[in-house]
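I have placed the structure first, in the form of structure tokens, so that the comments after it can refer back to it.
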Amino acid sequence: MNMRRIRDRLSDERGIAVVVALLVSMVVVTLGITSVTLAIHNSEQSNYDRRRVQSIAAAEAGVNWYFTHLQSVPAAQYSCSKNDVLPTSPSSQFEAVVTFYDVSGTPLPCAAGSVLGAVGSPTHALIHSEGRSTTNATPTRTMEAYVELSTVGAGEFGGVSIYVNSSLTLPSNVKVFGRTGNDGNVYSNGNVVLKGNDIISGDVTANGSVTLDNVAQVKRHVVASGAISLRSSTQILGNATSSTSSITVQQSKLAIVGDARAGTTITAGGGTIGGVRIPSSPTPFPSKPFPAFPWDPSAWIGNGYTVSTFADCASAKTFIAGLAGGKNVVRIEADCDLNYSDDPPVLTGDLAIVSDGSLTMGNNTTWASDGNLRNLYLVFGHDNDGGLCNITFGNNATIDPGYLTFFHTPCTVNMGSSAVILEGQIISGTLILKSGTGMTYRPLPIPGLAGGTAAEDIVYIREVVTT
């Protein structure tokens with residue numbers, strides 16, 4: 001009887017559902033805990049990743065702030081550090097510091113929270129910027145940038161690729177490129193004529209009339225004291241302003257992308273001006289007198305140059321041929337012609353020639369460099385006494401790509417056929433270019449010309465790994 005009762009109880013399945021329910025509940029609870037844990041982890045990881053993205057954006061904002069700052073104020077006003085909270089949501093911030101270096105690579109004293117002051121002229125800057133979320137100190141990400149600084153002088157030397165103190169007529173296929181975008185500006189104290197396929201990557205400003213013909217193009221604004229005339233598929237990508245006269249468009253398609261303002265009449269078809277038309281609206285013309293070259297020997301010496309003075313071109317030519325590196329100024333105090341027919345020098349350093357006379361580069365001659373980036377200043381007719389003063393490059397006379405070249409003369413710069421100017425500025429009384437000439441605007445620092453701001457070349461920009 002007892003055995004039978006035991007067998008009956010063992011074969012009875014009552015209560016098994018409770019066990020199964022408990023097991024299923026345990027599994028569900030385990031899965032629930034795992035899901036919640038995973039959700040919390042993913043949420044935390046997502047928040048962390050979002051803060052990482054915010055941090056790198058904040059660090060980049062610090063670098064970009066300095067990019068703008070270094071080009072906006074003179075060197076003495078450079079901030080040694082900058083902390084700022086960005087107007088983002090969620091909020092983020094950056095802490096940026098900069099180390100300035102002089103021409104010899106020596107760091108200049110610059111305490112956090114102060115400005116550089118008059119401790120020297122920096123030629124390079126190392127920007128170090130840390131970014132983070134304002135709600136959580138981690139993670140922090142760091143950006144670093146190294147830039148080369150060159151001071152662009154105040155007055156007329158800054159912001160102009162070509163300055164001509166008379167009228168300027170360019171032959172076909174002349175290209176003037178900007179340094180950073182469309183900043184290859186051209187100024188003339190007379191009329192400007194652009195011909196077939198000429199392209200100016202900047203503004204054209206003329207104290208006279210401006211004429212564009214046969215697919216010529218100006219990539220920014222045109223300002224003229226006199227009339228502006230566009231013919232045969234030409235185009236101004238910015239605004240056109242005639243201070244005292246008229247604007248005439250002699251074509252049927254878009255010629256002036258921006259606004260047109262004229263002192264008198266505007267004559268143009270319906271679709272040839274993209275912006276507004278403002279006739280009978282005279283405006284002042286921004287006249288710029290011819291800028292004299294500021295010869296200040298002490299300023300050049302203060303910028304690391306050695307100044308050597310000569311009474312004739314022959315001894316100066318011999319001296320230049322023997323230069324081996326360094327930064328040199330050759331001052332020629334004579335109305336003589338520095339002539340290179342077939343024996344131009346190979347330079348291994350920066351060179352400035354400031355002469356009261358003229359320069360002649362014969363056919364097929366080349367200012368050769370050692371392959372490094374060099375500054376070459378060709379300043380002639382400095383005394384402006386009506387004597388020799390032209391800068392003449394013969395046919396196929398060239399300047400090596402290693403040179404940034406600054407031309408200055410109150411007389412004529414004459415570039416022969418296939419003569420090449422790669423990067424620099426031309427300041428002259430008259431300019432003669434041949435068809436196919438190309439140049440890129442590159443402002444050079446002029447020692448002794450105060451009040452300038454910096455032009456920047458970014459050597460590198462990168463993220464710095466932090467722990």
Side-chain angles (χ1 to χ4, degrees), residues 56-84 86 94-131 141-154 157-159 161 177-184 302-304 327 350 371-375 401-406 422-425 440-447 449-466:
I56 195 65
E60 289 175 340
V63 171
N64 290 333
W65 184 89
Y66 262 110
F67 284 164
T68 301
H69 175 67
L70 296 179
Q71 296 182 88
S72 303
V73 299
Q77 299 177 23
Y78 286 163
S79 294
C80 301
S81 63
K82 175 66 175 180
N83 301 336
D84 202 0
L86 304 177
F94 68 80
E95 297 177 3
V97 296
V98 62
T99 303
F100 296 103
Y101 300 89
D102 64 14
V103 67
S104 65
T106 302
L108 299 173
C110 195
S114 65
V115 296
L116 181 62
V119 297
S121 298
T123 59
H124 294 82
L126 179 64
I127 304 165
H128 185 93
S129 177
E130 294 184 357
R141 298 184 72 177
T142 302
M143 293 296 295
E144 188 176 82
Y146 190 66
V147 298
E148 178 183 336
L149 303 174
S150 57
T151 301
V152 181
F157 294 146
S161 61
F177 301 102
R179 176 179 179 270
T180 55
N182 294 324
D183 60 352
N303 278 267
K327 302 171 69 173
D350 293 348
N372 296 309
L373 194 64
R374 306 294 186 190
N375 289 345
Y403 285 118
L404 308 179
T405 308
F406 176 85
L422 290 180
E423 292 186 272
Q425 294 174 271
T440 299
Y441 169 56
R442 182 67 176 257
L444 272 69
I446 309 295
L449 194 60
T453 56
E456 293 175 340
D457 277 329
I458 301 174
V459 179
Y460 67 78
I461 179 170
R462 65 190 181 190
E463 182 177 3
V464 179
V465 177
T466 56

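Values below: all heavy atoms of this structure, side chains included; hydrogens, waters and symmetry mates excluded.
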Can you find a pair of side-chain heavy atoms, one from Tyr78 and one from Leu108, that are under 4.5 Å apart? no
Can you sort out the partners of His128 under side-chain contact (heavy atoms from CB on, under 4.5 Å), two or more places apart, ordered by chain and number? Val97, Glu130, Thr142, Glu144
Please confirm whether the backbone N or O of Asn375 pairs with a side-chain atom of Lys327, one donor and one acceptor, at under 3.5 Å? no
Rounded distance [0.5 Å steps], CD1 in Ile446 versus CD in Gln425: 7.0 Å
On a heavy-atom basis, which atom in Ala58 and which in Ser129 lie closest, and how many Å separate them? O-OG, 4.3 Å
Here the pair of heavy atoms bringing Ala125 nearest to Leu70 is CB-CD1, 4.3 Å
Between Cys80 and Leu116, which heavy-atom pair has the shortest distance, and what is it? SG-N, 3.8 Å
Given the rule in the side-chain contact (heavy atoms from CB on, under 4.5 Å) test, do Glu423 and Leu404 qualify, once you have shown the distances and angles that lead to the verdict? CA-CA 5 Å; Glu423 292 186 272; Leu404 308 179; 3.8 Å; yes
Go through the structure and list residues passing side-chain contact (heavy atoms from CB on, under 4.5 Å) with Lys82, not counting sequence neighbours. Trp65, Tyr66, Asp84, Phe94
For Ser79 and Val98, which heavy atoms make the closest approach, and how far apart are they? O-CG1, 3.5 Å
Where Tyr441 and Asp183 come nearest, the two heavy atoms and their spacing: CD2-O, 3.2 Å
First locate atom CD1 of Ile458, then atom CZ of Phe67, and finally report the distance between them rounded to the nearest 0.5 Å. 3.5 Å
Under 3.5 Å donor-acceptor, Glu60 side chain and Met143 backbone: no
Does Asp102 offer a backbone N or O that forms a donor-acceptor pair with the side chain of Thr123 under 3.5 Å? yes
Between Ser81 and Gly113, the two heavy atoms sitting closest are OG-N, 2.8 Å
Hey, what do you get for OG1 (Thr99) to NE2 (His124), rounding to the nearest 0.5 Å? 13.5 Å
The reported gap from CZ in Phe177 to CG in Asn182 (rounded to nearest 0.5 angstrom) is 11.0 Å
Starting at CZ of Arg179, measure out to OG of Ser161 and round the result to the nearest 0.5 Å. 13.0 Å
